[in-house]
Amino acid sequence: MKTKQHKIFWISALVASILMYIVQYAVFNDYLGIINSFFGKIAFVPIQVFLITVVISGILSDMEKSSRLEKLNILIGTFFSETGTKSLKYFSKIDSRIEEIGSKLKVTDSWVDEDFKNALNYAKDRDYTLNASKEDIIEIYEFLSKNKEFLMRLLENPNLMEHEHFTELLRAVFHLLEELESRENLHESSENDIMHLNGDIVRSYRLITIEWVNYMKYLKNNYPYLFSLAMRRNPFDKTAKTSLK
């Protein structure tokens, strides 16, 4: 039905165009002017197509992409405000090399892109060695279980399809939570069980740390007032305080 309507539309448009040329010739009796005008308009068609498909479409596409990225960064910011930063505090507390990572990721106002690049490389390549006890694991479980519904809503958000790394991060955290929930009694965890859970914690710790560095760079470049608070909540800096002196 739609195909038939399209045919009728284009035939009607063609007939209307021919009638207008006939009227123009009848009024002005200038077929050379009509021919020149006709071929001039045809010559402009490629330019018109270029302007619409390349320039205008490109501008609209960039605007749409910028809007999606902004929404995604809002989601990432919400994650760190509600869960991410607190998770890093739990994880860094059992990091046997917390002093080292604290010095490498002590973000300040003076950091430039090169500093963030070095921090990101460090976060990706460092050896994350954790020695969580039963009490530490129970504490992490209680925290994550309270935030399970929030994490699920994040994972269901279609905007996350734009960010593969952040999706992987959430899946790692969910896997850790599932591992913890599957234990009947964490207080009776064996040494092998604790070692396995340590590996799951390390995976989440590493991915959140990498994303944290990226997010801090984003705040530094776009939202200085949010960056100021994030610096004062640095989960790797034992001396960090939210209140100002």
I'd like to check the side-chain hydrogen bond (donor to acceptor under 3.5 Å, both in side chains) partners of Asn147; sequence neighbours left out, ordered by chain and number. Thr83
Using distance alone, with no hydrogens and no angle criterion, decide if Arg232 and Ser228 have a side-chain donor and acceptor under 3.5 Å apart. yes
Quick one: list whatever passes salt bridge (charged side-chain N to carboxylate O under 4.0 Å, His left out) with Glu139, sequence neighbours left out. Lys93
Could you work out, with ring-ring contact (aromatic ring centres under 6.0 Å, His included) as the rule, every residue matching Tyr141, not counting sequence neighbours? none
Using the salt bridge (Lys or Arg N to Asp or Glu O under 4.0 Å) rule, collect all pairs that involve residues 189-201, keeping only residues at least two apart or in two chains. Arg183-Asp193, Asp200-Arg203
Between side-chain atoms of residues 111-121 and protein atoms elsewhere (two or more places apart, or another chain), which donor-acceptor pairs fall under 3.5 Å?
{"from": "Asp115", "atom 1": "OD2", "to": "Val112", "atom 2": "N", "distance (Å)": "2.9"}
{"from": "Asn118", "atom 1": "ND2", "to": "Glu114", "atom 2": "O", "distance (Å)": "3.2"}
{"from": "Asn121", "atom 1": "ND2", "to": "Lys117", "atom 2": "O", "distance (Å)": "3.3"}

Which residues share a side-chain contact (heavy atoms from CB on, under 4.5 Å) with Ala123, sequence neighbours left out: Tyr128, Thr209, Ile210, Val213
Using ring-ring contact (aromatic ring centres under 6.0 Å, His included) as the criterion, list what pairs up with Phe174, not counting sequence neighbours. none
Looking at residues at least two apart in the chain, or sitting in another chain, which of them share a side-chain contact (heavy atoms from CB on, under 4.5 Å) with Arg233? Thr85, Leu229, Thr242
Compare all side-chain heavy atoms of Glu188 with those of Lys134 and state whether any distance is below 4.5 angstrom. no
In chain order, what residues pass the side-chain hydrogen bond (donor to acceptor under 3.5 Å, both in side chains) check against Tyr90, with sequence neighbours excluded? none
Residues that Lys86 engages under side-chain contact (heavy atoms from CB on, under 4.5 Å), provided they are two or more places apart: Phe143
Would a line drawn from the ring center of Tyr215 to the ring center of Phe79 be shorter than 6.0 Å? no
Can you sort out the partners of Lys148 under side-chain hydrogen bond (donor to acceptor under 3.5 Å, both in side chains), two or more places apart, ordered by chain and number? Glu181
Results of side-chain hydrogen bond (donor to acceptor under 3.5 Å, both in side chains) for Ser110 - residues two or more places apart only: Thr108
If you apply the rule side-chain contact (heavy atoms from CB on, under 4.5 Å), what do you find for Arg126 with Lys104, and how did you get there? CA-CA 11 Å; Arg126 82 176 293 251; Lys104 297 288 186 179; over 6 Å; no
